[in-house]
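Starting from 1, each residue takes its place in the sequence as its number. Worth knowing before you read on, the calculation uses all heavy atoms, side chains too, and leaves out hydrogens, waters and symmetry mates. Keep in mind the model is a prediction, meaning the values are calculated, not measured.
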Amino acid sequence: MLRAVFTVNKSKTTHDQRSSMHTVDGVLRRVGEFGTFQRQQFVLLSWQWVPIAFQLLAFVFILPARVDWACPSCNATATDPCDEDADRVFAEPARTITATFDLVCERAQLIPLPSCAIFAGMLMGSGVFGVLADRLGRKPIYHLTLLGSFACAVLSAGVTSFAQYIVVRVCAGFFLGGVQTVIFVLMTEFVGPGWRGFIGTFTMAFFTLGEVGLAALAALAPSWRVLLLLACLAFLPSFGLWPRVHESPRWLLQQARSAEAEHLLEIVAKTNRASFAGMSLAPSPPQRDEPCLPSGLFSPRLARYTFVLMTQFAVCDFLFYGVSLAGTTLSDNPYVNFVLSALAELPAYVIAYWAMERPSLGRRLTLLASYILAAAACALIPAFSHAPPALLVAAAMVGKMGVVIAFDIIYIYAVEIFPTPVRSGGLGLCILASRIGSVLSPFIGTSLSGIAGFALFAILAAVCALSTLTLPETRGLELPDSLDDVRTDSIPLAEAGLEERAALVADSSETSL
């Protein structure tokens, strides 16, 4: 009898201990999915998009394809103005790199190289630092890449030759690729399922802020060197708030550092004026003995999603920068066109968030609709190429809105599909793929007319719309913490009710505990 009672009590105690254990998402639901702590992290990390925008898009203003120049002595000496020894005089020699380094005539073909260089650097950096963030932690890689990005930005303003500028741009892109990857992962790993759509959408509003600020600085700066130095100032707030960035509790738990993860969640609870008392984290499930890359990302459970997301990232980046470049050629004022193109992103963020969080639409249908909108708007420009410039610019802005909505959603998709052990590496690999599109976009902007470019954009957007049909719906689901958590039955899940699927996942989580 006593043995039976002891057995029952022991079983009850074990059950009570297990029932008090939670996943990270379960804890966040109790202490605050988007409280004061998460809002602070959101603003601090989102601010990095401002200097990123400065560094990525400065070439639009400091490397124009055409500048005013003349050769006063060429008529008297019968010299070809494009000869290497010709005495060329530029109207504003210090305002652009094009003029400073004499990128005219045959050397004009070098103009796309700096923008391609920074995107090529990001191609390498996003992959390298994405993997390192999964192995060494999000926080140390964030600090390293932020410091490297700032150093390269300062060096860019002091180069004395075009070759030096290319080298520095590659290095800058290498570190910026790491910053871009880590800040997005860190933000989303600190919030609950109900706020990931908000975080993933409105963090990009800071990139728009950077675009508008860049256009204002470019219009006022007397030279390209001054513009690049002013752009460096955007990094300074981040250094002042350096200690306020925290490691991801999900990564700590994945590394079997449960005590540190729980301590961090206690800080979250205290900052949010909630209580962590009586809760503990369920241990992370053991992982297979396989490397994070490429076995994890190209395993049977993830291979299809990895391929589709990489393709969409590459096309979205190509469309985003391609539309931004081609749009400046549709009327005479590049500064106004650039600002209008940037401001077109703001309503896109609101639409994206509203649509992707609706149970009837979710991530997948919103993404599909955004590609259709982008394809239709871009197709109108070559179809009605003789329309007034104002109408062409309006169509380009609508097309960019569609691209921005798509870009927001695929970032969220990457975070919600890839499990914790490969999340940074997976997002880094997708960003790496996106840089292929970035590298190609300047060549399209200079080699094709705006009209021809938009025809290509429409075709690519249509292709992405078709590939979206293979992705699962992830709205409202907990972030997967292991490869075993990745759902492979995406088509049946997409047809089921969203709330029902979220309930099923919650039930399965409780059962596993």
### Message
Going by salt bridge (charged side-chain N to carboxylate O under 4.0 Å, His left out), name the residues that satisfy it together with E266, two or more places apart in sequence or in a different chain.
### Response
none
### Message
Both conditions, 6.0 Å and 45 degrees, for the charged tip of K270 above the ring of F276: are they met here?
### Response
no
### Query
Is it the case that E416 and Y411 place a side-chain donor and acceptor less than 3.5 Å from each other?
no
### Donor-acceptor pair between E357 and Y353 side chains, under 3.5 angstrom
no
#### Entry: Test side-chain hydrogen bond (donor to acceptor under 3.5 Å, both in side chains) applied to Q312 and Y413, step by step
CA-CA 11 Å; Q312 292 202 10; Y413 250 136; over 6 Å; no
### Query
Roughly how far, to the nearest 0.5 Å, is the CG atom of L471 from the CD1 atom of I409?
11.0 Å
### Task
Take V315 and V463, measure what side chain to side chain contact (heavy atoms under 4.5 Å, CB included) needs, and give me the verdict at the end.
CA-CA 9 Å; V315 172; V463 171; over 6 Å; no
### Query
Is L45 close to T203 at the side-chain level, that is, under 4.5 Å between some pair of heavy atoms?
no
#### Entry: A395 to A377 - nearest heavy-atom pair and separation
O-CB, 3.5 Å
### Query
Relative to the ring of F190, is the ring of H246 parallel (under 30°), tilted (30 to 60°) or perpendicular (over 60°)?
perpendicular
### Summary
D25 and P193 have their tightest heavy-atom pair at OD1-CD, 3.6 Å
### Query
Looking only at heavy atoms, what is the nearest atom pair of A375 and A462, with distance?
CB-N, 4.0 Å
### Query
If you round to the nearest 0.5 Å, how far is CZ of R423 from CG of L186?
11.5 Å
### Query
Closest approach of C378 and G399, non-hydrogen atoms and distance?
SG-CA, 4.4 Å
### Near-ring test F457/F318, centroid separation under 6.0 angstrom
yes
### Query
For the residue pair F175 and C152, what are the closest heavy atoms and their distance?
CD1-SG, 4.1 Å
### Query
Looking at CZ of F54 and CH2 of W49, how far apart are the two atoms once the value is rounded to the nearest 0.5 Å?
14.5 Å
## Note on the structure
The single option from L147, T181, I183 that satisfies side chain to side chain contact (heavy atoms under 4.5 Å, CB included) with Y142 is I183
### Task
Working to the nearest 0.5 Å, report the span between CZ of F313 and OG of S434.
7.0 Å
### Message
Can you confirm whether or not the ring centre of W195 sits under 6.0 Å from the ring centre of F34?
### Response
yes
### Query
Is there a side-chain contact between T201 and I412 (heavy atoms, below 4.5 Å)?
yes
#### Entry: Set of salt bridge (charged side-chain N to carboxylate O under 4.0 Å, His left out) partners for E33, sequence neighbours left out
none
### Task
Show your reasoning for whether salt bridge (charged side-chain N to carboxylate O under 4.0 Å, His left out) applies to R29 and E478.
CA-CA 11 Å; R29 288 191 181 97; E478 290 193 356; 3.0 Å; yes
### Message
Run the side chain to side chain contact (heavy atoms under 4.5 Å, CB included) test on L56 and F119 for me, step by step, so that the C-alpha distance in whole Å, both residues' side-chain angles and the decisive distance to 0.1 Å come before the verdict.
### Response
CA-CA 8 Å; L56 292 187; F119 290 135; 3.9 Å; yes
### Task
State whether a side-chain donor-acceptor pair under 3.5 Å links Q38 with N272.
yes
### Query
Taking atom CZ of F198 and atom OH of Y349, what is their separation to the nearest 0.5 Å?
13.0 Å
### Worked verdict on E262 versus R257 for salt bridge (charged side-chain N to carboxylate O under 4.0 Å, His left out)
CA-CA 9 Å; E262 290 179 354; R257 294 160 63 178; over 6 Å; no
### Donor-acceptor contact below 3.5 Å, side chain R364 vs main chain T468
no
### Message
Quick check against the 3.5 Å criterion: does R196 have a side-chain atom that pairs as donor or acceptor with the backbone of T188?
### Response
no
### Audit row: S258, L253, side chain to side chain contact (heavy atoms under 4.5 Å, CB included) steps and yes/no
CA-CA 5 Å; S258 301; L253 187 62; 3.5 Å; yes
### Task
Check the surroundings of atom CZ in F307: do more than 12 heavy atoms from other residues, nucleotides or ligands lie under 6.0 Å from it?
no
### Query
Do the side chains of L302 and V422 get nearer than 4.5 Å, heavy atoms only?
yes
#### Entry: Validation row: V31, L265 side chains within 4.5 angstrom (heavy atoms)
no
For residues 123-130, which side-chain N or O atoms pair as donor and acceptor with protein atoms under 3.5 Å away, sequence neighbours left out?
unit_1, atom_1, unit_2, atom_2, d
S126, OG, M122, O, 2.8
S126, OG, L123, O, 3.4
S126, OG, G428, O, 3.3
S126, OG, L432, N, 3.1

### Query
Strictly by modelled atom types, are Q55 and R169 linked by a side-chain donor-acceptor pair under 3.5 Å?
yes
### Message
My understanding is that only one of I410, D408, L460 makes a side chain to side chain contact (heavy atoms under 4.5 Å, CB included) with C316; could you say which?
### Response
I410
### Task
Indicate the atoms forming the closest heavy-atom contact of T474 with R363, along with that distance.
OG1-CG, 3.5 Å
### Message
Could you tell me if Y305 and T470 have a donor-acceptor pair between their side chains, going purely by distance under 3.5 Å?
### Response
no
#### Entry: Identified salt bridge (Lys or Arg N to Asp or Glu O under 4.0 Å) counterpart of E189 within the set K139, R138, R250
R138
#### Entry: Trace of the side chain to side chain contact (heavy atoms under 4.5 Å, CB included) decision for E345 with E211
CA-CA 10 Å; E345 299 170 20; E211 290 180 280; 2.5 Å; yes
### Trace of the side-chain hydrogen bond (donor to acceptor under 3.5 Å, both in side chains) decision for T420 with W251
CA-CA 7 Å; T420 301; W251 183 83; over 6 Å; no
